[in-house]
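What follows is a single structure, written as structure tokens, with notes after it.
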Amino acid sequence: MNLKTKIFHIKNRFGELWEHAIFRYAILLHVFYFVLSMILVLVFFRNQNDFLVYYQAGGVFLNGIENLYNQNNYLWDFRYFPLSAAFFVPFFLLGFDLGFILFHFINLILNILICVLLYKIITLVKEEDHEKDDSRVILYISLYLMGLPHVFNYILGQINLYVTLLVIISLYIFIKYNDLKWNIIGSLILGLSLIIKPTSIFMVPFLIVISFDRNYKKIKLDIIKSVSRLVFVIVPLMLNFILFYMFPKLWKDFLKTNFTGESLVEMNFSYSITRLIINFCYFYGIPFDQLIIFFSVALTLSIIGGLIFIFGKFGENQIIYGYLIAILVLLLSYFDTWDHHLLIITPILIIIIFNLPRHSEITKKYIKPSFFFLSFLDLAFMGIWFLTQDWFPYNFASTIFLTLTFYGIIFYGLNKDLKNQ
């Protein structure tokens with residue numbers, strides 16, 4: 001298909017989609033989010049956004065990399081791997097205004113690509129009892145575009161959509177292709193997401209191709225595919241350790257920033273279980289060790305999630321549920337998880353809605369309520385936290401819905417044979 005034919009096809013497809021009222025509303029609302037956030041950042045919040053931190057990190061990487069984790073250089077802590085800062089060098093060289101405008105437009109393009117991939121993945125994994133036309137698929141993709149976390153993500157100038165796109169691409173590859181070459185490519189792409197932002201770090205163990213064979217009562221492990229996935233997902237990540245080796249101070253400062261920094265023990269509106277416990281201890285003056293709390297929560301959820309991943313009856317689309325479990329473990333266990341992080345989980349929830357039976361009780365009771373709350377109500381509860389923090393410093397609403405989703409996946413994995421699960 002040549003370029004002219006491709007453009008004609010895209011134009012016709014967009015015209016077909018425009019016939020759906022919900023799609024028109026979604027596009028117009030998303031454009032409003034996009035324009036409003038650009039104005040707010042460039043006019044009012046020039047010195048109060050995450051892009052400024054990334055922008056400054058790009059400058060430090062270029063002019064004095066050994067000071068990359070000197071948090072005096074930034075408004076808020078820079079916690080990512082060193083090569084993440086390298087990604088922002090071009091934006092730094094453009095200057096703040098032009099750099100942000102380019103970054104902002106790239107975010108918009110990433111959202112378009114995410115929607116296209118969502119449609120392709122749903123087409124591959126949709127259960128047979130769902131509607132044959134794509135009206136409902138368009139509905140949920142439109143709801144994704146209308147989600148309020150986009151507002152927070154755009155205004156902050158965050159990089160979640162880069163991670164989300166790479167995660168979705170890797171998932172598409174793992175679902176569509178079974179040969180070793182494509183498994184390596186999918187792993188490399190997921191590894192690139194770790195360089196940009198280590199949000200997907202908990203996904204790495206779920207790349208192992210392992211399941212429990214109930215007929216023979218034994219665990220099945222595809223060693224070659226598992227090893228190749230693990231090796232190549234780590235390859236991009238290991239590039240950072242070249243810099244850590246060249247600049248030993250970077251490694252020490254990186255660990256301090258991410259696990260023992262002062263900002264980790266202060267109260268904030270994160271909805272993770274770890275943060276809720278820290279807020280409780282901090283509020284009542286109870287001595288605590290943030291590392292013990294974090295590793296206890298992360299290890300507990302990881303063990304539960306890992307066992308369900310292995311012994312659950314997820315079938316050929318096991319990897320989708322592995323990705324979801326990994327994201328849930330991250331959001332519920334890391335110190336600071338914010339509204340804009342939800343942009344990595346809502347697309348996975350949409351995929352699962354279509355992979356489960358059309359009238360699934362799991363969808364009705366757990367997945368759909370969580371999707372709608374996380375997409376449209378979470379931001380309000382963040383605001384409530386600021387009003388109540390002096391006497392009730394707990395942003396727990398999203399915690400509840402993420403936990404319900406975790407429980408729903410566990411129940412489904414253990415009871416898939418039940419009708420309309």
Side-chain angles (χ1 to χ4, degrees), residues 118 121-132 136-137 140 167 171 174-175 178 202-222 226 273 297-333 342 344-375 396-421:
L118 267 180
I121 293 175
I122 292 170
T123 301
L124 291 175
V125 305
K126 186 167 67 171
E127 279 285 299
E128 294 182 357
D129 61 342
H130 284 266
E131 292 82 351
K132 301 305 178 185
R136 194 160 171 266
V137 180
Y140 274 92
V167 167
L171 181 59
F174 289 136
I175 292 171
N178 193 45
F202 283 96
M203 292 180 182
V204 173
F206 293 94
L207 296 179
I208 298 174
V209 185
I210 186 172
S211 61
F212 181 70
D213 190 324
R214 283 172 170 73
N215 294 326
Y216 295 96
K217 305 298 181 183
K218 66 177 183 179
I219 292 178
K220 294 170 59 179
L221 172 65
D222 189 325
S226 298
I273 294 174
V297 175
L299 186 62
T300 300
L301 294 177
S302 296
I303 291 173
I304 296 172
L307 290 174
I308 294 303
F309 180 72
I310 296 171
F311 293 99
K313 294 175 279 187
F314 297 116
E316 61 182 7
N317 293 311
Q318 180 193 35
I319 187 69
I320 302 173
Y321 297 88
Y323 271 35
L324 178 60
I325 291 170
I327 298 169
L328 288 169
V329 171
L330 171 74
L331 295 180
L332 288 171
S333 64
L342 299 174
I344 195 173
I345 192 173
T346 50
I348 306 296
L349 293 177
I350 291 173
I351 293 170
I352 286 179
I353 285 171
F354 286 94
N355 185 241
L356 291 171
R358 174 65 176 86
H359 300 289
S360 167
E361 287 296 311
I362 299 297
T363 300
K364 180 180 178 181
K365 293 180 179 178
Y366 306 107
I367 307 301
K368 283 178 64 175
S370 295
F371 170 76
F372 281 100
F373 179 87
L374 299 175
S375 296
F396 64 90
S398 293
T399 319
I400 293 174
F401 281 93
L402 291 170
T403 304
L404 284 174
T405 302
F406 196 69
Y407 173 79
I409 296 303
I410 293 173
F411 188 83
Y412 173 69
L414 296 179
N415 300 280
K416 184 179 178 181
D417 295 334
L418 295 179
K419 185 178 180 180
N420 284 334
Q421 281 304 305

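- In this structure, F371 and I352 have side chains that are not in contact, with every pair of non-hydrogen atoms separated by 4.5 Å or more.
- Considering only heavy atoms from C-beta on, Y407 stays 4.5 Å or farther from T403 through its side chain.
- Rounding to the nearest 0.5 Å gives a distance of 5.5 Å between CD1 of I345 and CG of L402.
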Margin query: Before you tell me yes or no, could you show the steps for I350 and V137 under side-chain contact (heavy atoms from CB on, under 4.5 Å), namely the whole-Å CA-CA distance, both residues' side-chain angles and the distance that decides it to 0.1 Å?
Written below: CA-CA 9 Å; I350 291 173; V137 180; over 6 Å; no

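- What you find for V167 and M203 is that their closest heavy atoms are CG1-CE, 3.6 Å.
- At distances below 3.5 Å, not a single donor-acceptor pair connects side-chain atoms of H359 with backbone N or O atoms of D129.
- Here the straight-line distance linking atom CD1 of I409 with atom CD1 of I308 works out to 10.5 Å at 0.5 Å rounding.
- In this structure the side chain of L331 reaches within 4.5 angstrom of the side chain of L342, judged on heavy atoms.
- Side-chain contact between I210 and F309 is present, with heavy atoms from C-beta onward closer than 4.5 Å.
- Taking CD of E316 as the reference point, atom OG of S211 lies at 12.5 Å (rounded to 0.5 Å).
- In this structure, the ring of Y321 has its center no less than 6.0 angstrom from the ring center of F206.
- For the atom pair I344 CD1 and I327 CD1, the distance stands at 4.5 Å (nearest 0.5 Å).
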Notebook entry, point to check: Run the side-chain contact (heavy atoms from CB on, under 4.5 Å) check on F314 and Y412 step by step: do they pass?
Noted result: CA-CA 8 Å; F314 297 116; Y412 173 69; 3.8 Å; yes

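- Between the side chain of D213 and the backbone N or O of I219, no donor-acceptor pair lies under 3.5 Å.
- The shortest non-hydrogen separation linking N355 to E127 is O-CG, 2.7 Å.
- Counting only heavy atoms from C-beta outward, the side chains of I410 and I325 never approach each other to under 4.5 Å.
- Using a 4.5 Å heavy-atom threshold, the side chains of I320 and F174 count as separate.
- What you find for F406 and L301 is that their closest heavy atoms are CZ-O, 3.7 Å.
- Closest approach of T363 to P357, counting heavy atoms only: OG1-O, 4.4 Å.
- Counted by atom type alone, S370 and T405 present one or more donor-acceptor pairs between their side chains at under 3.5 Å.
- The aromatic rings of Y140 and F354 sit perpendicular, their planes meeting at an angle over 60°, well past the 30° parallel limit.
- Distance check: N317 CG to I121 CD1 gives 10.5 Å after rounding to the nearest 0.5 Å.
- Considering every non-hydrogen atom in both F373 and A397, the closest pair reads CZ-CB, 3.4 Å.
- Looking only at distances, a side-chain donor or acceptor of S333 sits under 3.5 Å from a matching main-chain atom of V329.
- Interatomic distance, CG of L124 versus CG of L171, reported as 9.5 Å (0.5 Å rounding).
- The shortest distance between side-chain heavy atoms of I353 and R136 falls below 4.5 Å.
- Residue-environment remark: CZ (F396) stays at or below the threshold of 12 foreign heavy atoms within 6.0 Å.
- Put simply, the side chain of N415 gets close to the backbone of F411: a donor and an acceptor are under 3.5 Å apart.
- Proximity of a side-chain donor or acceptor of K126 to a complementary backbone N or O of E131 within less than 3.5 Å is detected.
- Side-chain atoms of S226 come within 3.5 Å of backbone N or O of V209 as a donor-acceptor pair.
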